[in-house]
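One structure below.
Please read all numbers here as calculations on a predicted model, not as lab measurements. All heavy atoms count here, side chains included; hydrogens, waters and symmetry mates do not.
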Amino acid sequence: MEITDLTPAERRVRDAFPLGEGVDLRERPDSPEDADDDPARGAGWGPERTLRAEFLRELLLTGPEREGRTAGLKVTGARVTGRLDLRYGTVAHPVRLRSCHFEQTPDLYGARVGALVLSDSVLPGLMAGALRADGVLRITCCRFTGPVRLQGAKLAGAFFANGARLGTPGEAPAEPVLQLNHAEVGTDVWAPGLVAHGRVQLNGAVVGGQVNLNDAVLDAPGDTALHAEVLAVGTDLHAMRLRVRGRVNLGGARIPRQLNLAHARLANPGGQALRVSSGVIGELWLREATPIEGAVNLRRAQLDLLHVPPGVWPDRVQLDGLAYRVLTPHLPAEQRLPLLEREPDGYLPHPYEQLTTAYRTVGDDAAARTVQLAKLRRHRRTLPPYARLWGYLQDAAVGYGFRPMRAAGWLLLLLCTGTLVFALHHPPALKPSEAPAFNPLFYTLDLLLPIIDFGQEPAFAPRGACQWLSYLLIALGWVLATTIAAGITRSLNRQ
């Protein structure tokens, strides 16, 4: 492109490029809130603020350099006409196009740049799949009406999308509005305050530092709002006060420290709101979150700490195979057990065993016994009638071995009843000359305890109602003895 072909604005940019100096084309640079400088109105900007895409391409690929200075494109408030085509190009300089209006989607597929900054700009989209950036990529506070394609990109620095607006409210885009799938980010993905009307895709991405989605709004009703399967994060995924309409899919994600969803609002009525199945996460926090609307799938996930108040859980929660070491806040077992009833596949033993282990980890053996008792009662519902009857007997007698004092109570009640009745109605002796003195207490003990013989029961023969009472005491004694033995055996097996 000949110098004579350049507009005054392009001449200013060309002259500043080898010096690495900035060019501000705004009418009122000191008043950034001025409506006339809003990039959304950039289509009406005149030639004094217009840069042709082919000029920018030639400048970036073959622009002049000056010894002792670092060249770079630094432009604010420009209208870029045509398509900026840098496909597979190598740009050794940083590219900064702030508060600009792009008429067409820039194409940087397979390009290599030093750094790319598009902050506060308005664009119809961005094609930058397989991009290589030696520095950061910033789309801070940008407004995109079309998709941002960064799949397979490799960024040595961070990716900044804080305050960016992606997609159009009320529209269902045909493809994800942000595509970072299989991308590699050297440090952080920094996107607090991001607003996305459509799917945000990070599945298979590798982030060396943290992902920050604090105060973000992801709106994809009836679809997946955040698709981040097998996402690998170096430290944390912060999403405090996140607002989501649609599914959050973190299946198979690796987050060694925190997945922080405190104060979040997750809603996907009639579908799945949160999926973390097969994920490996240090700590999952849903502290003070709004009750989740939609199902939750935590199957086969591995967590060190799970912090979820009971009121946050929805009506359907899949927990089979979930492993966690610590459950907070520490609450009585009675407040945690209703969650285990929400498994859509019915009774599964593993969630009860895992909750028992969590209580034992913190030394709350009483709560652990309560969970085990609830497990056996839930399992009883799945048994045939004859097995359920035996279960009811064990439960009533000794609480399946977890309530041993209950058996002592039954024995004491029967002992008092028998002692009182036989004290008032002495049974006659079979051989009066050889019978010992009648003792109603030990006579009742002889009837109740099948393996103990005080010599009372074989010496006397009750009649009428007392005889039926003796039969009942013998039968109940055997039942109690059997259930106590079963409870002791179960307790020893647990040890």
Close side-chain approach of Leu305 to Trp285, heavy-atom, < 4.5 Å: yes
Donor-acceptor under 3.5 Å (Gln179 side chain, Pro176 main chain): yes
Flag, side chain of Asn214 to backbone of Met240, donor-acceptor distance under 3.5 Å: yes
Candidate list Val148, Leu126, Leu123, test side-chain contact (heavy atoms from CB on, under 4.5 Å), partner Cys142, passing option: Leu123
Greater than 12 external heavy atoms within 6.0 Å of Asp15's CG: yes
Whether Asp236 side chain and His238 backbone form a donor-acceptor pair below 3.5 Å: no
Side chains of Thr328 and His307, donor plus acceptor under 3.5 Å: yes
Contact check, side chains of Asp304 and Val326, non-hydrogen atoms, under 4.5 Å: no
Expected output: side-chain Lys375 to main-chain Pro349 donor-acceptor under 3.5 Å: no
Separation of Arg257 CZ from Thr235 OG1 (nearest 0.5 Å): 6.0 Å
Glu48/Arg12 under salt bridge (Lys or Arg N to Asp or Glu O under 4.0 Å): CA gap, chis, key distance, verdict: CA-CA 10 Å; Glu48 73 282 357; Arg12 289 179 60 189; over 6 Å; no
Atom CZ of Arg265 with >12 non-hydrogen neighbours under 6.0 angstrom: no
Side-chain donor-acceptor contact under 3.5 Å, Thr81 with Arg52: no
Under 3.5 Å: donor-acceptor pair, side chain of Arg57, backbone of Asp85: yes
Close side-chain approach of Leu61 to Leu86, heavy-atom, < 4.5 Å: yes
Residue pair Ile139, Phe144: steps toward the side-chain contact (heavy atoms from CB on, under 4.5 Å) verdict: CA-CA 10 Å; Ile139 59 169; Phe144 292 90; 4.0 Å; yes
Expected output: side-chain Arg69 to main-chain Leu19 donor-acceptor under 3.5 Å: yes
Heavy atoms from other residues, nucleotides or ligands near CZ of Arg316 exceed 12 (cutoff 6.0 Å): no
Whether Arg26 side chain and Thr76 backbone form a donor-acceptor pair below 3.5 Å: no
Sidechain-backbone polar pair: Ser278 side chain, Arg300 backbone, donor-acceptor under 3.5 Å: no
Polar side-chain atom of Glu229 near backbone of Gly252 as donor-acceptor pair, under 3.5 Å: no
Salt-bridge criterion met for Asp219 and Arg243 (N-O under 4.0 Å): no
Within 45° cone of Phe160 ring axis and under 6.0 Å: Arg138 NZ or CZ: yes
Plane angle bin for Tyr347 and Tyr352 - parallel if under 30°, tilted between 30 and 60°, otherwise perpendicular: tilted
Rounded distance (nearest 0.5 Å) linking atom CD1 of Ile281 with atom CD of Gln258: 11.0 Å
Side-chain donor or acceptor of Asp37 paired with backbone N/O of Glu27 under 3.5 Å: yes
Pairwise side-chain contact, Met127 with Arg87, heavy-atom cut-off 4.5 Å (strictly under): no
Flag for Glu103-His101: side-chain donor and acceptor within less than 3.5 Å: no
side-chain contact (heavy atoms from CB on, under 4.5 Å) partner of Leu226, chosen from Asn203, Leu213, Leu178, Val244: Leu213
